[in-house]
Amino acid sequence: MSDESPKPKKVLNKSKVKTPMREQEAAARIFNFEEVPLGYNEQEATQEALRCIDCKDKPCVAGCPVGIDIPAFLKLVGDKDFEGALRKIKEKNFLPAICGRVCPQEDQCEMVCTLNRPDKGREAGGIGRVERFLGDYAMEHNLTITPTVAPATGKRVAIIGSGPAGLTAASDLAQKGHAVTVFEALHKPGGVLFYGIPQFRLPKEILMREVEGLRDMGVEFVMNYPVGKAESLDSVRERFDVVFVSTGAGLPWFLGIPGENLNGVYSANEFLTRVNLMGGYKFPDGADTPVKKIKRIAVIGAGNTAMDSARTAKRLQPEVVYLVYRRSRLEMPARVEEIHHAEQEGVEFNLLHSPLEIVNDGKGAVGAIRCQEMELGEPDASGRRKPVAIEGKVREFAVDTVVIAIGQGPNPLLTADCPELARDPKKGTILINDVMQTSLPNVFAGGDIVTGGATVILAMGQGRVAADAMHRYLMTGDPRDPFAQAGGSGVCPNLT
Amino acid sequence: MGNKIVRVQELAPRTRLFEIEAPHIAQRGKAGQFVILRVSDDGERVPLTLANRDPGKGTITLVFQEVGKTTEMLGRLQVGQEIHDLAGPLGKPTEIPTGKTVVCVGGGIGNAVVWPQVQALKEAGNRCIAILGARTKELLILEEEVRALADQTIITTDDGSYGRKGMVTHALTDLIEGGEKVDEVITIGPVVMMKFVCRATQPFGIPTQASLNPIMVDGTGMCGACRVTVGGQTRFACVEGPEFDGHQVDFDELITRLAYYQPEERASLDSYHRCRLEAAADRLQNP
């Protein structure tokens, strides 16, 4: 750096790899619920932002489900204009502190980044890390960047479910001047962001702050209000001009093997809800909802929820945490970073093991889990190699707790009360058209209640697309954009 | 928000009735459904079956027994105070037949739910017999309320201090064997009692609905803590129940599952008592 030059020219950072992010050591973090990646400081963030070569095509923008102008905000960070960068992100995404943490950037913006050339040993720009830095920067500096709210339209919008899809739609519609009310069945807002994602991945204080931002924009939150039960959907449809159903996933799946109702068997939802939403790790003096003292635990599954469960379990100080998965490492659906963190923390992976039975300890509780050892055979319908049992090879793991993290169906609470809302007969998910409108004209839907179970950012992307369509519906009566190209904007992403 | 307590009545030792402002639950709630409440920001989510409701007044009635930390804290609340969180109505309502003879068998705190059930059954034109059981006379609740509605009311106490001595099942069996043509039985109370009520009606082939009370966390179909085995199938009591065909319910599994957190529940209550004692000692020392 040249101190003598009055206006130092900005120098691009030509490093091939991402600026490293400091992490809490694995040995220390398994004793607490604090965050693992510690985030960038100003200098690290600037340095990483300067790796962006500002290429012509900007594939990252197309790779972002909510279409953030990534090169623009990176440029501002490079100039150390952090507030400007935040403003730029908030044009498209009001939850940067959350997305920077929980988005699978490696499958989205960073995957398509021009810099990303593993063959040349070059890593993508650390977009997610810089985004997270900005979210944290706003919090640390008490910066409230409330988007400008358009003049009131007099239209009333109801959002049912305050998870990522609902919060995004609420933000977009409030910005456009509509009066938005969000209904939530639970006692805290955020849906899966609160009950599912652990404190060490997304501190609840950050979520609450983002929710406060929405309140500042005039969004009204009604907690403890399960629509479908507390009020019929029909009644909500009469009270509001348009309704967005974002009730998310529900009903956890079980394996259907013997012993699943033994004491000590949890769905991942129950286990995570007890710890995250109810604060069970602080029982008995800091919270009233108990979590059992665990000695040996097996988590079944290999998605992000399984990693969250295994890593949460690790922090409850058991002797051992097993992860049991019937396929191999290659097929594990979780983010690489999460798998890596779980391993670092000492979660023992037992891959190619398929649970056969949960064994009773003689007192109605879990004593062990019996697993069939598997090997990989031919590819199946999903394109992944199918696990096949190795005859005669059965292993038993002595455990006192089993967490089943193999997915879940859509939330039944609203749909059960509203048979006229068209649903997929098999999956129970709500059916929508190309503009995310349901079979009821003033009802739109998005997020896991439509996809059956996807990621936070996909749900947010759908919240955004639905909000656009709902805005057009409110203003013109037609949810479709007359100027949109076929297959272009206005079509909802990744609905398969 | 604003679930204000408008009436508190002590029905029996450690057993209270609260009337609470909750207009939408009063409007939509039906017999057999439940609410989930919390008493503080660190509180657990506790399910309580609706005792009664007054849609005109916009209030619901809950009856609870102080058995743990949450219910003890609840019991300390006074008229004018608010319930921290209250969500409902959840679960499915009791299936109410028409033109039948139905026996409602309640025990202990469960008698609070017999009350709205009898009311709903009478409104639908049924003949309704209530059997209310309690350990002893002073624990018997809501007798007058039920008597005022039911065609016949039979009281049993375990110790014979009031009504007929013995179990509700004896009264039920005598009723059936005495020639009363019973079309249906609905039962709510301690799990062991419900188990034996179902066992009593089975030989007579009388359909029997049992209102189950498993442990719940969210109560909205999300966690599966409340799963029960009915006819060999796993069912979620919070969204598919809480009432199920009692002849198909695996009561022993339910009993085992209900006992799982007993050591923690005791620890929680002990810790709460200790805190209150320390606070009281503090107040004595530093008035």
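A, B, ... follow the sequence lines: proteins, then strands. Residue 1 opens every chain.
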Does any heavy atom of chain B fall under 4.5 Å from the side chain of [X], the backbone, both, or neither of them?
X        : answer
A/Pro226 : side chain
A/Asn261 : both
A/Gln408 : neither
A/Leu272 : neither

* Listed by chain and number, what are the side chain to side chain donor-acceptor pair (under 3.5 Å) partners of A/Asp424, not counting sequence neighbours? ->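 Checked A/Asp424 against side chain to side chain donor-acceptor pair (under 3.5 Å); zero matches.
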Does any heavy atom of chain A fall under 4.5 Å from the side chain of [X], the backbone, both, or neither of them?
X        : answer
B/Tyr260 : both
B/Gln33  : side chain
B/Ile215 : side chain
B/Glu264 : both

Under 3.5 Å, is there a donor-acceptor pair between the [X] and [Y] side chains?
X        : Y        : result
B/Glu240 : B/Gln233 : no
B/Thr229 : B/Glu253 : yes
B/Glu72  : B/Tyr272 : no
A/Glu205 : A/Gln199 : yes

Anything under 3.5 Å between a donor and an acceptor, one on a side chain of residues 279-288 of chain A, the other on a protein residue two or more places apart or in another chain? List them.
from: A/Asp285; atom 1: OD1; to: B/Ser271; atom 2: OG; distance (Å): 2.7
from: A/Asp288; atom 1: OD1; to: B/Lys69; atom 2: NZ; distance (Å): 2.7

Just give me the residue among [options] that pairs up with chain A most often, heavy atom to heavy atom, under 4.5 Å.
options                     : value
B/Gly221, B/Gly91, B/Ala259 : B/Gly221
B/Arg257, B/Arg28, B/His24  : B/Arg28
B/Thr220, B/Val35, B/Asp252 : B/Thr220
B/Asp41, B/Asp270, B/Ile25  : B/Asp41

* Do B/Glu19 and B/Ile60 have side chains that get closer than 4.5 Å, going by heavy atoms? -> no
* What's the shortest heavy-atom distance between A/Gly190 and A/Ser162, and which atoms? -> N-OG, 2.9 Å
* Asked: Looking only at heavy atoms, which two atoms of A/Ile449 and A/Asn411 are closest? And how far apart?
  ->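 What the structure gives for the nearest pair is CD1-O, 3.5 Å.
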* Ion pair check, B/Arg16 and B/Glu66, cut-off under 4.0 Å ->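 Yes.
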* Do the charged groups of A/Glu212 and A/Arg209 touch, with an N to O distance under 4.0 Å? -> no
* Asked: Hey, does the side chain of A/Ser246 reach the backbone of A/Gly161 with a donor-acceptor pair shorter than 3.5 angstrom?
  ->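 The answer is yes, because a donor-acceptor pair under 3.5 Å joins these two groups.
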In terms of heavy-atom pairs under 4.5 Å with chain B, which of [options] leads?
options                                : answer
A/Phe271, A/Phe254, A/Tyr266           : A/Phe254
A/Val265, A/Thr273, A/Val291, A/Leu277 : A/Val265
A/Pro252, A/Gly250, A/Ser232           : A/Pro252
A/Ala365, A/Ala185, A/Gly264, A/Gly364 : A/Gly264

* Only counting residues at least two apart or in another chain, list the ones meeting side-chain contact (heavy atoms from CB on, under 4.5 Å) with A/Thr181. =>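 For A/Thr181, the residues satisfying side-chain contact (heavy atoms from CB on, under 4.5 Å) (neighbours in sequence not counted) are A/Phe183, A/Glu220, A/Val222, A/Phe240.
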* Which residues, numbered in order, of residues 43-59 of chain B come under 4.5 angstrom of chain A by heavy-atom distance? ->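 B/Gly43, B/Glu44, B/Arg45, listed by number.
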* Is it the case that more than 12 heavy atoms not belonging to A/Lys204 sit under 6.0 Å from its NZ atom? -> yes
